[in-house]
There are 4 protein chains.
Amino acid sequence: MIKVGVVGFGYWGPNLVRNCVEHDDIEVVRVCDMDAQRLKGVTRRYPNIQTTTSFDDLLKDDIDAVIIATPVATHARLAKKAFLAGKHVLLEKPIAASLQEAQELVDLSRKAGKVLMVDHVFVYTPAVKKIKDICRAGQLGDIIYFDAVRTNLGAFQKDVNVIWDLAVHDVSIMQFILGQKPTSCSATGLSYFGNHLESIAYMTLFFPSNVIAHFHLSWASPVKVRTILLGGDKKMILYDDTQASEKIKIYDKGIDVVSKEKLHDLYVSYRSGDVVSPKLENTEALKFMCDDFVRAITTNTAPISDGVFSLDVIKVLEAASLSIKKRGQEIPIL
Amino acid sequence: MIKVGVVGFGYWGPNLVRNCVEHDDIEVVRVCDMDAQRLKGVTRRYPNIQTTTSFDDLLKDDIDAVIIATPVATHARLAKKAFLAGKHVLLEKPIAASLQEAQELVDLSRKAGKVLMVDHVFVYTPAVKKIKDICRAGQLGDIIYFDAVRTNLGAFQKDVNVIWDLAVHDVSIMQFILGQKPTSCSATGLSYFGNHLESIAYMTLFFPSNVIAHFHLSWASPVKVRTILLGGDKKMILYDDTQASEKIKIYDKGIDVVSKEKLHDLYVSYRSGDVVSPKLENTEALKFMCDDFVRAITTNTAPISDGVFSLDVIKVLEAASLSIKKRGQEIPIL
Amino acid sequence: MIKVGVVGFGYWGPNLVRNCVEHDDIEVVRVCDMDAQRLKGVTRRYPNIQTTTSFDDLLKDDIDAVIIATPVATHARLAKKAFLAGKHVLLEKPIAASLQEAQELVDLSRKAGKVLMVDHVFVYTPAVKKIKDICRAGQLGDIIYFDAVRTNLGAFQKDVNVIWDLAVHDVSIMQFILGQKPTSCSATGLSYFGNHLESIAYMTLFFPSNVIAHFHLSWASPVKVRTILLGGDKKMILYDDTQASEKIKIYDKGIDVVSKEKLHDLYVSYRSGDVVSPKLENTEALKFMCDDFVRAITTNTAPISDGVFSLDVIKVLEAASLSIKKRGQEIPIL
Amino acid sequence: MIKVGVVGFGYWGPNLVRNCVEHDDIEVVRVCDMDAQRLKGVTRRYPNIQTTTSFDDLLKDDIDAVIIATPVATHARLAKKAFLAGKHVLLEKPIAASLQEAQELVDLSRKAGKVLMVDHVFVYTPAVKKIKDICRAGQLGDIIYFDAVRTNLGAFQKDVNVIWDLAVHDVSIMQFILGQKPTSCSATGLSYFGNHLESIAYMTLFFPSNVIAHFHLSWASPVKVRTILLGGDKKMILYDDTQASEKIKIYDKGIDVVSKEKLHDLYVSYRSGDVVSPKLENTEALKFMCDDFVRAITTNTAPISDGVFSLDVIKVLEAASLSIKKRGQEIPIL
């Protein structure tokens, strides 16, 4: 049984607490929030969970791990304290407000020998897990491209651009599925309100291999789109997250090079077979994330979305934001 | 009655001949093709139309205009002869094999005082005409963005990349609807078969105004997509060309800046009203193109898709192809 | 402020309590349930609401109305007691277990001069309200037909057939929109498990006018369908409740009789214009139902889904169930 | 090589001639039509095919079979002559204007020992053939229900109701797939223009087994629907003919009776697995129909849509039309 303390009971915290409470191997010992009113909500729903407004008090508890769901600006400070107190840490995404802070947390977790996990919840959805399984089994063949579209009307953010708000999801999915790190980025975008924060963005990632990944993000589309297209040389997948059923379709479609004597003389043929929508598990993604957190702590291994994973996501977002300012110029991702 | 001669009776020529024959104001005097077998097909279907394998013979006919539907490499040579013979010219797209040839044809047509038209047939479809009308009437307000996706599996070309093959359509539509010329371009792409011809491409166009246009082109998608999203600050349009009905949807959706005292302090609100699918005319686009050709000749004015229009399309395609090789670097469009 | 007591805190009761609590003009004084465990749930969520396991105690409270969300077999007994105690009554659907009981309740409410309302929640949805408004405004012209499909896989009931389970929704919507009472019924169906309870049913209703209404109900369909098609001689509506947006489409389509000299000599023409998806309110249907309950009590007028309305729904279900056993024979609806 | 003569070169005749001409094993010797103008169209397209305005002349040719695509009122007379002249016969649907005529043709073909085939072209489509194969292979288990919807706006017929016009397709598909003959019918409908010809109809067919088949036909729907739902106790199929791709979906969904000690005590569970869209052949249905005609003649066996098959379709249409007049009363199908 992993004993945890949770900091932050605002928008996302209640979901984390609920999933931990319902988890067989997790016990929520205490919830911390600076707002006493919110803590009353904790007590009403979970009379057995203690509350506090002091993070230091929380750290004095007999707990194994701290779950941090506070504003991003506070992540680094709270997580450092938790590592120094010998606790494992699960952070709400993004990991930190800057690359430097993120790198420090990764280093600290290593030094402390404690798990650092970040809540990239999309990589724990049944759909993304299924796609990963299909790729791992080689069904798609070699991956050729990854194409993500995430658009909607609304939810303009005041402090981050659409890349930081939306691409964070798709880049984490891309990293998880492809298992490759991009080397550079070209991005363009539109800052609609003249406040230097893009509300529409297009981003291409280049890889050491011939793979290409593209992301279309928008807060200004009249229609909600959430699709990922994954092309392999054997099969291709369309993942449409707005569908209530048949979210994933596997197309037995492909292109075969029949002959290619000279460079400009290639002849290709097209294959088109069945389309399959595999059944997906009906489990909440946060449940799987909690499983992975427990597993990481008890086996002392890295969770899927560990600190390094999350750091890599941020590197992409930073490079893309810079490339947009340079109107598409290729920016290396270190 | 405009008397025309047609050169080239291969893939697209028969459609042009059929539309001209059915047009009230056009008479097809002769069809020219180097393949005598194809000319037999002309005679069987249209006993009154004369045939020849000699383009020079065709030019000697009592005709007002020449319609050229031959391979692009021959466009410049045939069109020049036609202008020198005092004929108006309608060319199958693209206008020519290079910018220089295209520019020469534009100059020649001006010197000859004859119409030079290029068959960008998409700008004559009922759907695109309707969108243009809606924009012109100010229903969308100021245009913010133009986003086109044209993907499918197949039809790999051996001699041009996917930009030249597919973007030519969407760029012509964009030019017609926006009525603005882009100033530069950033594009990325993937040459799947290592033959230096991209089969997947993403292209962003920048404008003097704050508008952005993006194009996603692919020969390697398992699903056929043909959408254009057009965002204005009053309304937005989704044009889905794969739909049998309701191809166009006008969304009464928008974003209003409610207050903006400081740069990072803006507050926006979202509007969401009715969705309308306007009825579209049920007329073949080629019919409208023939109308425009006749009108241009008889009134001595420029058709919508005249030589300059077509030259502008090619400038975009060339800049994009260059930007792809430079991994997204911004390339000016002169 | 209307003071209410609620009986039954099982599946639907909590939704009713929540909506009443959030309603400006309703105060929930007490909740009654025979299961003391459930009452603990009430106290935890709503510390100010009293609880009891005795319905008689509830009736002794200073309340204006009783909301009954208990199993249908208990409806008549509890509602009678409430009327005798001088309370208004809101019943979960269906109103009662038999036509006779339902008729008694209608009579009792009249004698007591108290409101009898039944929770046909679909007639209070924004979509159905919008359709009713469109019809009332004459936009559709004369209604020609009503066609409802409600299918899914699952939720087989052990004690009622698919007509009682699913058609109850669509018949209530039909009654509300058409404002006409059917005079007879022809229905067919399939009792898949040989237990005499149909899991698939088709039902046609006949009206004094030339209108026809048809209902397709199924627990055995692989796809979830929830559509209502409403045809008028001016316009037609498609209502697709499974859509997240654009639930309603108004088609400016119709058939005009151009000439009709003799019976077999009619000539018709088709009209096809724009399609409009009107914006719908974003309010929970139960909120509107509570509004109507309050309005009915305070103005002493009938709510939309009063006892007579609900009785008429049951008459249709009974006739249909009988017609199915007679393989489609027309059964009068009294 | 089967030598054929074709009578009737109006709406459907040209399709039949084109398919026969392109068929490896069929030679079209002569086309007959009373309209000399139409025959010119034959000569222009097929210079090698002879023409005549006299059916008797056609019968004197050295031909094996006659293909009749004339108005239905002439079918019986022409087919009789053809059988008497010792020819095989392929008739455009419906086979004849009455049950009696149809029966006579069936008898005549038997007496003459010649093939009588009717052009129920839907049973030769790749989609329907695929569904039949899936059923035959036992993938669906026992069939529970067949549900067809065929609606659109328009194409009102002056001389037949919507059952004869549209249900003829779905009933032929149902017969082919189920391989069972219905024993009775209950149908309802609406004669919109008061001319006694229904433009909307609903039809239920009963079978000796527990299967049920239902058909919804309409000329008065704002949306075009062409679906067939086929439910088995193992799997279910949705066939949507309006889809450009993925016309057929096989749902691994079903209902299992887990326990059923007493009649009202059954407990069922739902299965829900993958969805598969099998690839379909890309061949024109008429090609397959011609194949079957040739096969039937050369092997002296019955084609799929022989005279008896077509007679059975008509029996259903007649019973349904009668049941509509009796407002749903069950009518036996002999």
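Residue numbers begin at 1 in each chain, while the letters A, B, ... track the order of the sequences.
Comparing B/R327, B/K249, B/K326, B/K235 by heavy-atom pairs within less than 4.5 Å of chain A, the highest count is held by B/R327.
Atom NE2 of residue A/H214 and atom NE2 of residue B/H216 lie 7.5 Å apart, to the nearest 0.5 angstrom. A/D147 CG to B/Y202 OH: the interatomic distance, rounded to the nearest 0.5 Å, is 3.5 Å. To the nearest 0.5 Å, atom CD1 of residue B/I200 and atom CD1 of residue A/I212 are 7.0 Å apart. The distance from atom OG of B/S218 to atom CG of A/L229, rounded to the nearest 0.5 Å, is 7.5 Å.
For B/E330, the parts lying near chain A are the backbone and the side chain together; criterion is any non-hydrogen pair under 4.5 Å. For A/L238, the part lying under 4.5 angstrom from a heavy atom of chain B is the side chain only. With a 4.5 Å cut-off on non-hydrogen atoms, B/S221 touches chain A through its backbone and its side chain both. The contact between B/D233 and chain A is made by backbone and side chain atoms together, counting heavy-atom distances below 4.5 Å.
Heavy atoms only, all atoms of each residue included: B/G328 and A/S186 are closest at CA-OG, 3.6 Å. Across all their heavy atoms, B/K253 and A/P222 have their closest contact at NZ-O, 2.9 Å.
Without hydrogens or angle criteria, B/Y145 side chain to A/A220 main chain gives a donor-acceptor distance under 3.5 Å.
For B/K132, the NZ atom is densely surrounded, since the number of other residues' heavy atoms within 6.0 Å is greater than 12.
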